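Just so we're clear, the structure is a prediction, and the values are computed from it rather than from any experiment. Chain letters run A, B, ... following the sequence lines, proteins first and then strands; every chain starts at 1. Just so you know, these numbers use all the heavy atoms, side chains as well, and skip hydrogens, waters and symmetry mates.
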Amino acid sequence: MLTIPFIRANSEITIQGLTKKHVANASEIVHQLIAMDDQRKSLLQQAESALEISNAAAKEIGSLMQSGQKELAEVKRAETAALKGTIREKEEAAKAAEKQMLDLLVTLPNLPHSSVPKGKTAEENEVILTWGSLPNMQVDAQPHWDLIKKYDIIDFDLGNKITGAGFPVYKGKGARLQRALINFFLDEAIKVGYYEIQPPILINEDSGFGTGQLPDKEGQMYVTKEEGLFLIPTAEVPITNLYRDVIVNEKELPIKNVGHTPCFRREAGSWGAHVRGLNRLHQFDKIEIVQIHKPETSYQALEEMSLHVQGLLQKLNLHYRVLRLCGGDMGFASALTYDMEVWSGAQNRWLEVSSVSNFETFQANRLKLRTKVDGKSILCHTLNGSALALPRIVAALLENNQGPDGIKIPEILVPYTGFTHIN
RNA sequence: AGAGGGGUGUCCGAGUGGUUUAAGGAGCACGCUUGGAAAGCGUGUGUAGGUCUCAAGCUUACCGAGGGUUCGAAUCCCUUCCCCUCUACCA
């Protein structure tokens, strides 16, 4: 969430930023917000000055009662009783004005970083680097949805039976490959200083608000019927919310956390030709890295996180590219996002496997996540990234490494899997 | 899940309708003292909003959260969350 003082002081920058993110009527909205804030302030002042009078009178009545001057106290009481209505009225009006303003404010996305390219669709994302080269594919190379059947390692039909579409069952070497990837990714993160967290995978409404899923995107999350808890769409939500309503000691920054969780996405309405097999699921596993920084170090951290993710892909010897997302393709809360895509040899297309973002103060403002610098409390910057999401990595590994003697496991994973081939 | 007891500032802890402007203690910071330190003494010590050119000051809210009663609520009432003890259940 953007802050009102920022918007007031930088209304032109705000309008330009929102326009880059393709918010319609940005200028109108910004001016409306400022007017609403003026209204809120004025009402608040009126309520507070009435309260001040009433507080003073109450105190006076108190001391009159104590000294036995009951009659004088009664007179005073009758006088102040009349104030009650005014106070209530003004307070309610101020609260309503504030709510109206916040309701509008929460609908605004974060402002993009200056390096974010203009553009509306995924085609306009900027490719900033490509690593490796196209895998040598045999002529009859099969897509992963055929390979998983051939080797009986991932079973969609069983998933359909026990749950529904998009909930695969991993079996035998398929299950062990999952476990190997999870441990590999966690170990690599821990090696470079991340602290492992195992969070709950159900979260409450406050947490959903804190990281920007609520209000608005509840349609993308599963909810429990009795408690109204949400199944997490990513570990970002619980791990970042660990710091909700926290003033972090400056010395503890930066904070670097990593966690593995299953992720649940309803993906309502997004099924189609390009989402076969492991390309898009309702439940999948992901290792997420989360960092909390002082403002001046967050962009350096973003680059470091991007390099960490790239290092994982290089160790797995996957041909990949890095994109800088354009204004229209970026997430709601992000100021700058890099997407990593791996080449899927049999589908002949790039698959997004990671998204690394700096949210600057956007989440921190919702979370009330602050630190103190020179005695003043300031909002922290939050960042996160997938390092990595499993299904599309599995898809690419299966497709790119298939051969006559089965699927070759990348060397670095063999100590984790305990086998060299799936066959 | 049932019965009972709780939730107060950085921490401990007092406080059941009116100088509470949240006592007292500890911690922390600064100062005095000291050869240096400790002890001692003194001062300060939260968050958010408003007012203000800045600062100071003034002011409003905050005693788990939300609502209510009252001229006045940490204190009374309602709702809700969390913690502890016992019982039940369970991995």
### Query
Does any nucleotide pair with A73(B) by Watson-Crick or G-U wobble geometry, both distances under 3.5 Å, and what is it?
none
### Summary
Whole-Å distance, L44(A) CG to U60(B) C1', equals 7 Å
### Message
Tell me the interatomic distance from L229(A), atom CG, to U80(B), atom C1', rounded to whole angstroms.
### Response
14 Å
### Message
Protein within reach of the bases, or only the backbone? For nucleotides 68-73 of chain B, mark each nucleotide 5' to 3' as B, S or -, using heavy atoms under 4.0 Å.
### Response
SSBBS-
#### Entry: Distance test, side-chain N/O of R40(A) to OP1/OP2 of G49(B), below 4.0 Å
no
#### Entry: Cation-pi, F209(A) ring and R366(A) (6.0 angstrom, 45 degrees)
yes
### Query
Of E48(A) and E60(A), whose closest RNA chain B nucleotide lies nearer the 5' terminus?
E60(A)
### Message
Using whole Å, what does the distance between atom C1' of nucleotide A1(B) and atom CD of E226(A) come to?
### Response
15 Å
Listed pairs under 3.5 Å, donor-acceptor, residues 83-95 of chain A side chains, sequence neighbours left out:
residue	atom	partner	partner atom	Å
K90(A)	NZ	Q46(A)	OE1	2.7

### Message
Would you measure the distance from the C1' atom in A23(B) across to the matching atom in G40(B) and give it in whole Å?
### Response
23 Å
### Query
Rounded to whole angstroms, how far apart are NZ on K368(A) and C1' on A65(B)?
13 Å
### Task
Can you spot which of R392(A), H144(A), E399(A) makes a side-chain hydrogen bond (donor to acceptor under 3.5 Å, both in side chains) with S344(A)?
E399(A)
### Query
Expressed as a whole number of Å, how far does the P atom of C30(B) sit from that of U85(B)?
41 Å
### Ion pair K99(A)/D103(A), N-O distance below 4.0 Å
yes
### Message
Using atom C1' in both nucleotides, what's the gap between A3(B) and A91(B) to the nearest angstrom?
### Response
25 Å
### Separation of atom CG in D206(A) from atom C1' in U80(B), rounded to whole Å
13 Å
### Task
Look through every strand shown and name the nucleotide pairing with A88(B) as Watson-Crick or G-U wobble, where both distances are under 3.5 Å.
none
#### Entry: Interatomic distance at P, A29(B) relative to G46(B), whole Å
15 Å
### Query
Does a side-chain N-to-carboxylate-O contact under 4.0 Å join D38(A) and R8(A)?
yes
### Query
Using atom C1' of each nucleotide, how far apart are U43(B) and G49(B) to the nearest Å?
28 Å
### Message
Cation-pi check for F332(A) against K217(A): NZ or CZ below 6.0 Å from the six-membered ring centre and within 45 degrees of the axis, yes or no?
### Response
yes
### Message
With rounding to the closest Å, how many angstrom separate the P atoms on A14(B) and G4(B)?
### Response
23 Å
## Note on the structure
Separation of G50(B) atom P from E91(A) atom CD, nearest Å, is 16 Å
### Message
Roughly how many Å apart are U60(B) and U21(B), using the C1' atom of each and rounding to a whole number?
### Response
14 Å
### U47(B) OP1/OP2 closer than 4.0 Å to side-chain N/O of S377(A)
no
### Message
Can you identify which nucleotide, out of U47(B), G50(B), U60(B), has its nearest atom closest to the I247(A) side chain?
### Response
U47(B)
### Query
Could K256(A) and Y195(A) be counted as a cation-pi pair, given that NZ or CZ must be under 6.0 Å from the ring centre and within 45° of the axis?
no
### Task
Please report, rounded to the nearest Å, how far the C1' atom of U10(B) is from the CG atom of N249(A).
12 Å
### Partner nucleotide, any strand, of U43(B) [Watson-Crick/G-U, under 3.5 Å]
A29(B)
### Message
Could you tell me how far G9(B) sits from G17(B) if I compare only their C1' atoms? Round to whole Å.
### Response
23 Å
#### Entry: Identity of whatever pairs with C58(B) - Watson-Crick or G-U, under 3.5 angstrom
G50(B)
### Task
State the pairing partner of G35(B); accept Watson-Crick or G-U wobble contacts with both distances under 3.5 Å, and report none otherwise.
none
#### Entry: Option passing side-chain hydrogen bond (donor to acceptor under 3.5 Å, both in side chains) with Y299(A) (candidates H381(A), E304(A), E360(A))
E360(A)
#### Entry: Whole-Å distance separating the CG atom of L43(A) from the C1' atom of U60(B)
15 Å
### Any residue meeting side chain to side chain contact (heavy atoms under 4.5 Å, CB included) with Q16(A), in chain and number order, not counting sequence neighbours
E12(A)
### Query
Any side-chain N or O of Q45(A) less than 4.0 Å from the OP1 or OP2 oxygen of U60(B)?
no
### Task
Under 4.0 Å between any heavy atoms, over every strand shown, what does K95(A) touch: base, sugar-phosphate, or nothing? Just pick one.
sugar-phosphate
